[in-house]
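Quick note: residue numbers are just sequence positions, from 1. All ligand and atom numbering here is 1-based and tracks the order in the structure.
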Amino acid sequence: MRQAASRIVKRALLDSGHYNRQLQRDAFPGVAVLCYHGIRADDWPDGTMTFEGLHVRSGELAAHCRLIRETCHPISLAQWHRARAGGLALPSRPVLFTFDDGYRTVFTMARPILERYAIPAVMLVCSDPVAKRRLFWYDAMAQARGETEVERAKTLAFDEWQTLEATWSRAVEDADPNAPMTVADVRTLADTPGIEIGGHTAAHPILARGNAEQQRSQIARNKECLEDWIGRPVTAFAYPNGRPGRDYTAETIALVKASGFETAFTTHTGFATSREEPLECPRFLMLAGISAAELAHRLCYSWRRPRRA
Ligand SMILES: [Zn+2]
């Protein structure tokens, strides 16, 4: 009841232009990096795919893009790199869209929406499922055993996880809503103006569970594979699961740096400010059900930030 009332109030504040006016007076303390995963068609029935909360509706994404285009400043990774290197300063409300994992729906549904609103983005792609046309291990396991089993598998030692990953690996149909991109999709995305391809490991392990060599192999194999496909350097990375100290460690960061990545994203919540290490950029997780009004409210109020001096 309270939630429904809050939704109505936020919708009214959006429609009245309140959030627009509020944002136009505002300056973010850093980059608002939005973290998406897959996209779901608006008419795709509820309860028929795994981890559906991570797959926002295409209509929701379009509404987010429209809001950000009208009230903030969508930036590209290249623009951010240039600003960090001492080039042109970023605009006052910079927003960077990122999409983790490499779901095919990002190619089929997100790409046209991003193009419609001229929004740059970074797609952080796991290469093994793309190269082998296999489901992501966690989707395959969740389809067979349920999502709880996946959470348990994430706590296993690396070797045990690797055995499970091989056990659950299975071929995928292009029409499966959980399907990964194809190599051709990755290439087309890389050739789309404003879109960059980043790394997300070869097979999406919890890196913190592996030794240095196991981690290095997952990070480097992914980078080499993506660079081979798209013919240019891959400079951004996202840690699978992404929680600092739990899913990746200081050793992981050093390995990511040694592999030649310049920017890496976590799932820690916050604006990415210039005070932080570029290899631990926090983000805001975007889940299904976040309306444009809710996103506007969070940008104005909930994602509280210290006042600028
Ligand atoms: Zn991921």
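- Taking the six-membered ring where the residue is Trp, W137 and W161 present perpendicular rings, their angle passing 60° and hence far from 30°.
- Counting just the N/O/S atoms of D101, the one with the shortest distance to the Zn ion (ligand 1) is named OD1.
- Checking C126 against the Zn ion (ligand 1), every N/O/S atom stays at or beyond the 2.8 Å cut-off.
- Metal site remark for the Zn ion (ligand 1): H200 contributes an N, O or S atom at a distance under 2.8 Å.
- Classified by interplanar angle (parallel below 30°, tilted 30° to 60°, perpendicular above 60°), the ring pair Y19/H297 is perpendicular.
- Ring geometry, F28 versus F271: the interplanar angle falls from 30° to 60°, so the pair is classed tilted.
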Quiz item: When you look at F107 and F99, which way does the side chain to side chain contact (heavy atoms under 4.5 Å, CB included) test go after all the steps?
Solution: CA-CA 10 Å; F107 175 76; F99 294 81; over 6 Å; no

